Amino acid sequence: QVQLAESGGGQVQAGGSLRLSCAASRRTVSIYAMGWFRQAPGKEREFVAAMNWGGSSTDYSDSVKGRFTISRDNAKNTVYLQMNSLKPEDTAIYYCASDFVPLGDSRGARGWGESAYWGQGTQVTVSS
């Protein structure tokens with residue numbers, strides 16, 4: 001069983017930055033792919049970013065590409081999401097997730113469902 005714990009959420013003004021962290025309970029980051037998803041009030045959960053276990057493959061949703069960066073520190077079993085140029089529409093609960101992706105292609109994370117490992121989420125609020 002893998003447990004994931006997000007941190008780093010908060011409230012920020014539009015144009016600001018936040019860095020989210022996701023700590024895994026055991027050696028996960030270097031084995032599984034890691035991803036970030038978000039869910040805004042009244043909306044379905046959506047994919048944000050993902051990285052394969054080796055870091056050679058990353059994927060971003062069009063809405064965050066160029067503004068968000070996913071990275072990982074295998075020694076700390078932690079994955080990060082650096083969020084810059086935040087917009088009010090980025091307001092959501094952000095979830096960390098972990099699972100395998102076929103052939104190490106991080107795009108496979110887009111299809112993750114309830115069978116993946118999920119964290120409890122951290123709230124990000126961007127005010128205009």
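The chain is numbered in sequence order, starting from 1. The structure displayed is predicted, hence computed values, not measured ones.
Here ring-ring contact (aromatic ring centres under 6.0 Å, His included) pairs that include residues 87-112, with residues two or more places apart or in two chains, are Y32-F100. Every pair passing salt bridge (charged side-chain N to carboxylate O under 4.0 Å, His left out) that includes a residue from residues 111-120 is listed here, sequence neighbours excluded: R45-E114. The salt bridge (charged side-chain N to carboxylate O under 4.0 Å, His left out) analysis of residues 32-42, with sequence neighbours excluded, yields the pairs R38-E46, R38-D90.
Using a 4.5 Å cut-off between side-chain heavy atoms of Ile, Leu, Val, Met, Phe, Trp and Tyr, with links allowed through other members, Y60 and V48 fall into the same hydrophobic cluster. Under a hydrophobic-cluster definition in which Ile, Leu, Val, Met, Phe, Trp and Tyr are linked whenever side-chain heavy atoms come within less than 4.5 Å, directly or via other members, W36 and L18 are assigned to the same cluster. One hydrophobic cluster, built from ILVMFWY side chains closer than 4.5 Å, cannot hold both V12 and I93; they sit in different ones. Hydrophobic cluster membership differs between W118 and V2, with clusters built from Ile, Leu, Val, Met, Phe, Trp and Tyr side chains linked at under 4.5 angstrom. With hydrophobic clusters built from ILVMFWY side chains whose heavy atoms lie under 4.5 angstrom apart, Y117 shares a cluster with L20.
Nearest approach of A40 to T91, heavy atoms of both residues: CB-O, 3.6 Å. Counting all heavy atoms, side chain and backbone alike, R72 lies closest to W53 at NE-O, 3.7 Å. Contact record, L4 with C22: CB-SG, 3.9 Å, taken as the closest heavy-atom pair. Shortest non-hydrogen contact noted between M51 and I70 is CE-O, 3.3 Å. The nearest pair of heavy atoms linking V101 to D105 is CB-O, 3.2 Å. Nearest heavy-atom pair, G104 versus S57, reported as atom, atom and distance to 0.1 Å: O-CB, 3.5 Å.
In this structure, Q120 places its CD atom where only 12 or fewer heavy-atom neighbours from other residues, nucleotides or ligands lie under 6.0 Å away. With a 6.0 Å radius and a threshold of 12 heavy atoms from other residues, nucleotides or ligands, R107 has its CZ atom at or below the threshold.
Contact check for E89 versus V126: no side-chain heavy atoms found under the 4.5 Å cut-off. A heavy-atom distance below 4.5 Å is found between the side chains of S127 and Q11. At a threshold of 4.5 Å between non-hydrogen side-chain atoms, the residues F68 and L86 count as touching. Side-chain atoms of V124 and M83, non-hydrogen and from C-beta on, do get closer than 4.5 Å to each other.
N52 and S106 share no donor-acceptor pair across their side chains, judged by distance under 3.5 Å alone.
To the nearest 0.5 angstrom, M34 atom CE is 11.5 Å from L81 atom CG. Between S128 atom OG and K87 atom NZ the span is 14.0 Å, to the nearest 0.5 Å.
In this structure, the side chain of E6 engages the main chain of G121 through a donor-acceptor pair within 3.5 Å. Proximity of a side-chain donor or acceptor of T78 to a complementary backbone N or O of K76 within less than 3.5 Å is detected.
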